[in-house]
Asker: 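So that we are looking at the same thing, I have put the structure below in structure tokens.
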Amino acid sequence: MTQVGDFPEKFFGLEASAERRVLGERLGVVIDGSLSKGLVVRADEPLLMKHLAEGVPVGAYVAVDGDTDRTFFGMITDVELAYMNPQARWLSLGREFQREVYLGTAFQCLFHVKLMLVLERGVPKPVRSLPLHHAAVRRATPDEVRALLSADDGVGYRIGTALDDDQIEIWINLERLIERSTGVFGRSGTGKTFLTLPLLAHVIRKGLASVLIFDMHNDYGYTLKGDHSRKFKGLKQLAAISSRIVIVTLDEDSSRKRNAPYEFALQIGYNQIEPQDIEILRTELSLSDVQVNALDALQRCARDRWFAELLSDEPSEAVTQLLDSGKLSESTFAAMQRKLGKLRRFPFLKQSVSEDYVERILKHLARGDSVVIEFGAYGNDLLAYLLVANFLTRRIHQRYVEMKERAEGGSAPEPRPLVIAIEEAHKFLDPEIARQTIFGTIARELRKYNVTLLIVDQRPSQIDAEVMSQLGTRITAALSDEKDIAAVLTGVSGAAELRNVLAALESKQQVLILGHAVSMPVAVRTTEYGEAVYREFADPLAELSPEQQAEARRKLLGRRGLHDGVL
């Protein structure tokens, strides 16, 4: 029997091989389609059809050369085996050659293609028309895909390669990424941290923004934990950006045990805490609406000692008068004391603190440093994570609002862009509280005050729909729950077709990227985090003398417009 390898090279334009996925090869012709549902393409080389069906995966890029100087680009979203004659499904084919005869005649292979862009005279535009019947469909070449997907222009980041061919590099535009909030989604174990860390590292290296990371599991700062107790370098160990990374710890004992260096230990004074810092804990502390409302009444009575009063065994005279007046019942106050008493177990909460650590963090961010808040042993306590992340973010955002308003008035420079990265984001952005929390506010502001979020989560369906709609870019690894898949694709054109692409992702190193940072949806095999990334972040000044290094760094800081000014 004739083998695929026996066919002349004209079938492919390159060396013929069943194992080789040939780029630029003809796949078939358009036989059906619409703007809303995409194209249906019939594989048109009968003897090679089975190799096209098995060798061209969902997520592959295709090009359709139109008859009017247009080239349409799209993604394969489904592969279908069909019958030209319904009776053929009942054929009993006992020999291989019989099946070969029927391929392309009684049997056919169909590709479903979602059109993404159209190239008119070299200019990419949205798709508003369709190629004609029987237009030829081919695999897109690496050069074509690279031109469409933001090759490095100074603000690009090579996030990986196409799923089916490592010759096709996929780049995202980091400047556009930080213009709006971003979501990184995927079920547990899909490597969200291994994706997020190098993404933030490139934002920091290119000087596009300062980054504040709430490092719940101590993965971003000094060491990143992998499978089988394997350890990887955190941001502080990447030489090219090490001097711009400041690690702050909530748990000095944990940092010492892990040999993780830090600049200072964060402490929060009782007198610094406000009722809004506690409101986000209402679910974790089982606070009723009455108890939440009572927080403000208690603050009006005891002023900046209100929190200390709740943790005290002996209420002050002012609180006693409040109880006696009936404005706050003793049972409500007792229940609040009992519930908020759980916060006593956090040693980073102090009666008083020696300095304003929020101000210290703000100064680092103003200088262009990025700050990693490591939670140590408290990372496993969601109560601690919610409290600290909300406490710091509320104050930092308020300062950015003030700086932006001064800048608009001409009395101060523009505040440096800031990206705030949080894990377990659905706890901050649950539909019941998202409209009241600072994180929901930031997501809706669309960088109005130069602050955006990068949220990392495994349950996007539990995030408020309005917040999801405001995410500029969504980077999604494999998800199991249908509700989570639907949430990620909400508001996305062609969601039904892209659902197949998302469902086909493997559990490691594969993501679907949608939105502001890419010109069209892309399925990516992400770069493995390890030695290759370490080499990329090797210190470019390492071979210079100390004097030359100091001069080079001064010039670099000057180009980035950084200063040591006070916020």
Asker: Given the ring of Phe537, does Arg205 sit roughly above its face, with NZ or CZ under 6.0 Å from the centre of the six-membered ring and within 45° of the axis?
Answerer: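 So Arg205 does make the cation-pi contact.
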
Asker: Are the side chain of Thr526 and the backbone of Ile159 linked by a donor-acceptor contact shorter than 3.5 Å?
Answerer: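 Not a single qualifying donor-acceptor pair exists.
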
Asker: Does Lys233 qualify as a cation-pi partner of Tyr534, given the criterion of NZ or CZ under 6.0 Å from the six-membered ring centre and within 45 degrees of its axis?
Answerer: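 Checked: cation-pi criterion met.
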
Asker: Scan side-chain atoms only and decide if Ser255 and Thr249 contain a donor-acceptor pair under the 3.5 Å cut-off.
Answerer: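 Thr249 and Ser255 do have a side-chain donor-acceptor pair below 3.5 Å.
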
Asker: Spell out, as yes or no, whether a donor-acceptor pair under 3.5 Å connects the side chain of Arg244 to the backbone of Ile204.
Answerer: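 Indeed, once roles are kept as given, a pair shorter than 3.5 Å links the two residues.
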
Asker: Hey, could you give me the CG/OG distance between Leu322 and Ser329, rounded to the nearest 0.5 Å?
Answerer: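 If we round to the nearest 0.5 Å, Leu322:CG and Ser329:OG are 10.0 Å apart.
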
Asker: Output yes when a side-chain donor or acceptor of Trp306 lies under 3.5 Å from a complementary backbone atom of Ile273, and no otherwise.
Answerer: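 Yes: the side chain of Trp306 pairs with the backbone of Ile273.
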
Asker: For Asp219 and Lys231, what are the C-alpha separation, side-chain angles and deciding distance, and is it a salt bridge (Lys or Arg N to Asp or Glu O under 4.0 Å)?
Answerer: CA-CA 10 Å; Asp219 285 333; Lys231 293 184 179 181; over 6 Å; no

Asker: Can you name the one residue among Asp277, Asp356, Asn390 that meets side-chain hydrogen bond (donor to acceptor under 3.5 Å, both in side chains) with Arg395?
Answerer: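 Filter result, single survivor: Asp277.
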
Asker: Would you indicate whether Arg303, at its atom CZ, is surrounded by more than 12 heavy atoms from other residues, nucleotides or ligands within a distance under 6.0 Å?
Answerer: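 12 or below, so no.
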
Asker: Classify the side-chain pair His217/Glu374 by whether it contains a donor and acceptor separated by less than 3.5 Å.
Answerer: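 No, no side-chain donor-acceptor contact under 3.5 Å.
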
Asker: Please step through side chain to side chain contact (heavy atoms under 4.5 Å, CB included) for the pair Val518 and Asn173, ending with a clear verdict.
Answerer: CA-CA 7 Å; Val518 289; Asn173 187 306; over 6 Å; no

Asker: If you round to the nearest 0.5 Å, how far is OG of Ser370 from CG of Leu365?
Answerer: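 If I round to the nearest 0.5 Å, the distance is 7.5 Å.
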
Asker: Between Glu423 and Met216, is there a donor-acceptor pair closer than 3.5 Å when you use the side chain of the first and the backbone of the second?
Answerer: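 At least one qualifying donor-acceptor pair exists.
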
Asker: Arg394 vs Glu274, test: salt bridge (Lys or Arg N to Asp or Glu O under 4.0 Å). Steps then yes/no.
Answerer: CA-CA 10 Å; Arg394 286 186 60 249; Glu274 300 174 350; 3.1 Å; yes

Asker: Only counting residues at least two apart or in another chain, list the ones meeting ring pair (Phe, Tyr, Trp, His ring centres under 6.0 Å) with Phe214.
Answerer: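 Counting only residues at least two positions away or on another chain, Phe214 forms no ring pair (Phe, Tyr, Trp, His ring centres under 6.0 Å).
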
Asker: Run the side chain to side chain contact (heavy atoms under 4.5 Å, CB included) check on Asp381 and Arg345 step by step: do they pass?
Answerer: CA-CA 11 Å; Asp381 195 320; Arg345 66 177 182 264; 2.8 Å; yes

Asker: For atom CD of Glu317, decide whether the heavy atoms of other residues, nucleotides or ligands shown that lie under 6.0 angstrom number more than 12.
Answerer: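 No - once you tally the heavy atoms of other residues, nucleotides and ligands closer than 6.0 Å, there are 12 at most.
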
Asker: Using side-chain contact (heavy atoms from CB on, under 4.5 Å) as the criterion, point out the one residue from Leu514, Leu199, Val524, Thr196 that pairs with Ile475.
Answerer: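 Considering Leu514, Leu199, Val524, Thr196, a side-chain contact (heavy atoms from CB on, under 4.5 Å) with Ile475 is found only for Leu199.
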
Asker: Output every pair passing side-chain hydrogen bond (donor to acceptor under 3.5 Å, both in side chains) with a member in residues 475-487, not counting sequence neighbours, ordered by first then second residue.
Answerer: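 Those involving residues 475-487 are Arg187-Ser480, Arg459-Asp484, Ser461-Asp484, Glu482-Arg499.
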
Asker: Drop me the distance from Met403's CE to Glu408's CD, to the nearest 0.5 angstrom.
Answerer: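 So the gap between those two atoms works out to 12.5 Å.
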
Asker: Would you call Asp166 and Arg525 a salt bridge, using N to O less than 4.0 angstrom?
Answerer: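 Judged by the 4.0 Å cut-off on N to carboxylate O distance, Asp166 and Arg525 do not form a salt bridge.
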
Asker: Just checking Phe194 against Phe232, ring centres under 6.0 Å apart?
Answerer: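 Yes, close enough.
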
Asker: Does the side chain of Arg158 come within less than 4.5 Å of Ile170's, by heavy atoms?
Answerer: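 No. Closest side-chain heavy atoms not under 4.5 Å.
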
Asker: Quick one: does Lys236's side chain have a donor or acceptor within less than 3.5 Å of a partner on Ile245's backbone?
Answerer: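 Yes: the side chain of Lys236 pairs with the backbone of Ile245.
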
Asker: Judged by atom type as modelled, is there a donor-acceptor pair below 3.5 Å linking the side chain of Arg406 to the main-chain atoms of Ala412?
Answerer: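 Side chain of Arg406 to backbone of Ala412, a donor-acceptor pair under 3.5 Å: no, none is there.
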
Asker: Tell me, please, whether Tyr222 has Arg258 positioned over its six-membered ring: NZ or CZ under 6.0 Å from the ring centre and within 45 degrees of its axis?
Answerer: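 No.
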
Asker: Under a 3.5 Å threshold, yes or no: a donor from one side chain and an acceptor from the other, between Glu309 and Ser316?
Answerer: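 On atom types as modelled, these side chains qualify, holding a pair under 3.5 Å.
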
Asker: Should we count NZ of Lys225 as having more than 12 external heavy atoms under 6.0 Å?
Answerer: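 Enclosed: over 12 neighbouring heavy atoms sit under 6.0 Å from NZ of Lys225.
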
Asker: Are there over 12 heavy-atom neighbours, none belonging to Gln291, within less than 6.0 Å of that residue's CD?
Answerer: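 Above 12, so yes.
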
Asker: Would you compute the distance between atom CG of Leu471 and atom CG of Leu454 and round it to the nearest 0.5 angstrom?
Answerer: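 It is 9.5 Å, given to the nearest 0.5 Å.
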
Asker: Would Arg344 and Asp313 pass as an ion pair if we require N to O under 4.0 Å?
Answerer: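 Looking at Asp313 together with Arg344, the answer is yes, because their closest N to O distance falls below 4.0 Å.
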
Asker: Tyr400 and Tyr449: aromatic ring centres closer than 6.0 Å?
Answerer: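 No, ring centres 6.0 Å or more apart.
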
Asker: Assess the residue pair Asp369 and Lys363 against the criterion (salt bridge (Lys or Arg N to Asp or Glu O under 4.0 Å)); give the C-alpha distance rounded to whole Å, side-chain angles, the decisive distance to 0.1 Å, and a yes or no.
Answerer: CA-CA 9 Å; Asp369 295 333; Lys363 288 180 179 179; over 6 Å; no

Asker: Could you go through Leu392 and Val358, starting from their C-alpha distance and side-chain angles, then the distance that decides it, and tell me whether this counts as side chain to side chain contact (heavy atoms under 4.5 Å, CB included)?
Answerer: CA-CA 7 Å; Leu392 290 177; Val358 177; 3.7 Å; yes

Asker: Under the 3.5 angstrom rule, does the side chain of Asp457 hit a backbone N or O of His426 as a donor-acceptor pair?
Answerer: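 Flag set: sc Asp457 to bb His426 pair under 3.5 Å.
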
Asker: Would you find a donor on one side and an acceptor on the other, under 3.5 Å apart, between the side chain of Ser312 and the backbone of Pro315?
Answerer: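 The answer is no, because no donor-acceptor pair under 3.5 Å joins these two groups.
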
Asker: I'd like to know whether CD of Glu314 has more than 12 heavy-atom contacts from other residues, nucleotides or ligands below 6.0 angstrom.
Answerer: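 Count not over threshold, so no.
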
Asker: Taking only residues two or more places apart in sequence, or in another chain, which ones meet Arg180 in a side chain to side chain donor-acceptor pair (under 3.5 Å)?
Answerer: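 So Arg180 forms no side chain to side chain donor-acceptor pair (under 3.5 Å) with any residue.
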
Asker: Check whether the side chains of Tyr262 and Glu252 place a donor and an acceptor atom closer than 3.5 Å, and report yes or no.
Answerer: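 The answer is yes; a qualifying pair exists.
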
Asker: May I have the step-by-step check of side-chain hydrogen bond (donor to acceptor under 3.5 Å, both in side chains) for Arg416 and Ser210, ending in yes or no?
Answerer: CA-CA 7 Å; Arg416 179 174 174 77; Ser210 294; 2.9 Å; yes

Asker: List the steps, then state whether side-chain hydrogen bond (donor to acceptor under 3.5 Å, both in side chains) holds for His397 with Glu402.
Answerer: CA-CA 9 Å; His397 177 263; Glu402 295 169 0; over 6 Å; no

Asker: Can you name the one residue among Tyr378, Phe375, Phe391 that meets ring pair (Phe, Tyr, Trp, His ring centres under 6.0 Å) with Phe348?
Answerer: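 With Phe348 as partner, Tyr378, Phe375, Phe391 yield a single ring pair (Phe, Tyr, Trp, His ring centres under 6.0 Å), made by Tyr378.
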
Asker: When you look at CD of Glu466, are more than 12 heavy atoms from neighbouring residues, nucleotides or ligands closer to it than 6.0 Å?
Answerer: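 Atom CD in Glu466 is crowded, with more than 12 foreign heavy atoms closer than 6.0 Å.
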
Asker: Report the C-alpha distance between Leu212 and Leu418 in whole Å, list the side-chain angles of each, state the deciding distance to 0.1 Å, and finish with yes or no for side chain to side chain contact (heavy atoms under 4.5 Å, CB included).
Answerer: CA-CA 7 Å; Leu212 174 63; Leu418 173 65; 4.2 Å; yes

Asker: Under 3.5 Å, side chain of Thr490 to main-chain N/O of Ala486, donor-acceptor pair present?
Answerer: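 The answer is yes, because a donor-acceptor pair under 3.5 Å joins these two groups.
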
Asker: Does either side chain, that of Glu263 or that of His364, offer a donor lying less than 3.5 Å from an acceptor on the other one?
Answerer: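 A pair is found: one side chain offers a donor N or O, the other an acceptor, under 3.5 Å apart.
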
Asker: Measuring from Leu197:CG to Thr193:OG1, what's the distance to the nearest 0.5 Å?
Answerer: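 Result: 8.0 Å between the selected atoms.
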
Asker: Checking Ser411 side chain against Ala407 main chain: does a donor-acceptor pair fall under 3.5 Å?
Answerer: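 Not confirmed, Ser411 side chain does not pair with Ala407 backbone.
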
Asker: Could you grab the distance from atom NZ of Lys427 to atom CD1 of Ile280, nearest 0.5 Å is fine?
Answerer: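 Answer for the NZ-CD1 pair, Lys427 versus Ile280, is 11.0 Å.
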
